[in-house]
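Single-structure report; data block below.
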Amino acid sequence: MAQSVLLTGAAGRVGAAILGGLADDYEWRLLDRDPPTEDYPGEFVVANITEEEAIREAMEDIDVVLHLAGDPRKTAPWDSVLTNNIDGTQTIFEAAVDAGVEKVAFASSNHAVGHYETEERTPELYRADDDYLLDGTEQPRPGNLYGVSKVAGEALGRYYHDEYGISVVNVRIGNLTKNHPPIDYERGQAMWLSYRDCAHLFDRCIQADYDYEIVYGISDNDRKYYSIERAKEVLGYEPQDNSAAHTDD
Ligand SMILES: NC(=O)C1=CN([C@@H]2O[C@H](COP(=O)(O)OP(=O)(O)OC[C@H]3O[C@@H](n4cnc5c(N)ncnc54)[C@H](O)[C@@H]3O)[C@@H](O)[C@H]2O)C=CC1
Ligand SMILES: O=C1O[C@H](COP(=O)(O)O)[C@@H](O)[C@H](O)[C@H]1O
């Protein structure tokens, strides 16, 4: 029988990439605060992730949670990230543990480590001949309050894993764009995540066995300063795309 997967933030861009690749592969329960405007492959729950009761109900009979819902803006103000990204993520973990969910994959971000991109390192860092690599074992260095909220989400996962044993993978997503990498944006090309690699990566988050992990979610770009070795090793991630293959780079 297919695993039951709760996808929060299902109506957003990352949700679209995941469902675009995996719609037929799982029993989906989709959740978003915005009501659906199209057909979705499963039950659609309209709820805010800060609503404890609604989230507890949404968690019933779920095997795996892909937790994407949150404010994705790098300029997001503190009150929004505090509510949507930190409070909301705590509500998700608490309900997941109580419901006996096996795994949570958390949509973290490149902005959790944005301040490694110092003036001395950039723009060389974004180029294929530069060998500087972050691999997920480094200390977080958020580049903005949004990044701080993602580090908090990763810490919540650490706590719920250590305290309750739930499996947690934090995917520090780079820059997801459809069809081709960002144009005239070296940083975006270095951290490009294609739609099909995104779907495959979250598929591996559903299928693989792990304890607590931090991995980078980017395609196999020639330009890169995030290692994808841990995602390959632990999750079996096999990306197919590379921003260098696009002539409009
Ligand atoms: N798109 C990208 O390149 C990247 C995205 N991420 C993370 O991935 C996640 C998804 O991002 P996108 O799909 O790009 O954003 P999006 O804005 O397209 O989608 C987010 C969805 O979450 C929903 N949502 C927001 N707050 C909610 C709440 N309190 N309760 C219920 N639903 C809520 C929104 O209605 C929206 O449909 C976010 O957590 C973001 O921080 C991280 C790095 C890069
Ligand atoms: O976390 C996120 O990062 C991506 C890439 O960051 P950017 O600074 O290069 O734009 C961003 O597009 C996305 O909206 C955000 O959630």
message = Applying side chain to side chain donor-acceptor pair (under 3.5 Å) to Ser219 and Asn221, what does each step give before you reach the verdict?
response = CA-CA 5 Å; Ser219 289; Asn221 307 318; 4.7 Å; no
Practice task
Start with the C-alpha gap between Tyr146 and Thr75, add the side-chain angles, then the distance that decides, and say whether side-chain contact (heavy atoms from CB on, under 4.5 Å) holds.
Solution key: CA-CA 7 Å; Tyr146 161 70; Thr75 54; over 6 Å; no
For this session: Take Asp222 and Asn242, measure what side chain to side chain donor-acceptor pair (under 3.5 Å) needs, and give me the verdict at the end.
Result: CA-CA 7 Å; Asp222 285 356; Asn242 179 344; 2.8 Å; yes
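Two residues are said to be in side-chain contact when any heavy atoms from C-beta on lie closer than 4.5 Å; Lys232 and Glu238 fail this criterion. Using a 4.5 Å heavy-atom threshold, the side chains of Val171 and Leu201 count as touching. Contact annotation: the side chain of Val168 approaches that of Phe93 to within less than 4.5 Å [non-hydrogen atoms, C-beta and beyond].
The two residues Lys224 and Leu133 have their closest heavy-atom pair at O-CD2, 3.9 Å. Summarising the geometry of Tyr195 relative to Arg13, their closest heavy-atom pair is OH-O, 3.8 Å, with the distance given to 0.1 Å. Between His115 and Gly143, the shortest heavy-atom distance links the atoms CD2-CA, 3.5 Å.
When ring centroids are compared, Trp192 and His246 come within the 6.0 Å threshold.
The closest donor-acceptor contact from the side chain of Thr8 to the backbone of Leu68 lies under 3.5 Å. Thr122 places no side-chain N or O within donor-acceptor distance of the main-chain N or O of Leu125, the cut-off being under 3.5 Å. Using a distance-only test at 3.5 Å, with no hydrogens or angles considered, no donor-acceptor pair links the side chain of Ser80 to the main chain of Ala76. Judged by distance alone, the side chain of Lys150 and the main-chain N or O of Ala107 form a donor-acceptor pair under 3.5 Å. The closest donor-acceptor contact from the side chain of Asn85 to the backbone of Ser149 lies at 3.5 Å or more, if one exists at all. Side chain of Asp63 to main chain of Ser4: a donor-acceptor pair is present (N/O by atom type, distance under 3.5 Å, no hydrogens or angles). For the pair Ser167 (side chain) and Lys103 (backbone), a donor-acceptor distance under 3.5 Å is absent. With hydrogens and angles ignored, the 3.5 Å screen pairs no side-chain donor or acceptor of Glu213 with any backbone N or O of Tyr210. Judged purely by atom type and a 3.5 angstrom limit, Asn84 has no side-chain atom pairing as donor or acceptor with the backbone of Asp71. Side chain of Arg29 to main chain of Ala58: a donor-acceptor pair is present (N/O by atom type, distance under 3.5 Å, no hydrogens or angles).
Here the CG atom belonging to Leu31 is positioned 8.5 Å from the CD1 atom belonging to Ile49, to the nearest 0.5 angstrom. One distance of note links CG of Leu66 with CD1 of Ile206; it measures 4.5 Å at 0.5 Å rounding. For the atom pair CD (Glu138) and OG (Ser227), the distance works out to 9.5 Å, reported to the nearest 0.5 Å. In this structure, Glu124 CD and Asp130 CG are separated by 7.0 Å, a value rounded to the nearest 0.5 Å. Atom CD1 of residue Ile214 and atom OH of residue Tyr216 lie 7.5 Å apart, to the nearest 0.5 angstrom. For the atom pair CD (Glu53) and OG1 (Thr91), the distance works out to 11.0 Å, reported to the nearest 0.5 Å.
Between Arg196 and Asp241 there is a salt bridge, since at least one side-chain N of the basic residue sits less than 4.0 Å from a carboxylate O of the acidic one. Ion pairing of Arg127 with Glu186 is present here, as a side-chain N (NZ or NE/NH1/NH2) and a carboxylate O approach within less than 4.0 Å. Looking at Arg172 and Glu154, a side-chain N of the basic residue comes within less than 4.0 Å of a carboxylate O on the acidic one, giving a salt bridge. The pair Arg187-Glu117 meets the salt-bridge criterion, with a side-chain N (NZ, NE, NH1 or NH2) lying under 4.0 Å from an Asp/Glu carboxylate O.
Side-chain atoms of Tyr226 and Asp135 form no donor-acceptor pair, as typed in the model, at a separation below 3.5 Å. Side chain to side chain, Tyr185 and Asn175 fail the donor-acceptor criterion of an N or O pair below 3.5 Å.
Using bins of under 30°, 30° to 60° and over 60° for the plane-to-plane angle, the ring pair Tyr40/Phe44 lands in the tilted bin.
Under the 6.0 Å distance and 45° angle rule, Arg204 does not count as a cation-pi partner of Tyr237.
Of the residues Tyr126, Tyr132, Tyr116, the one that meets the ring-ring contact (aromatic ring centres under 6.0 Å, His included) test with Tyr225 is Tyr126.
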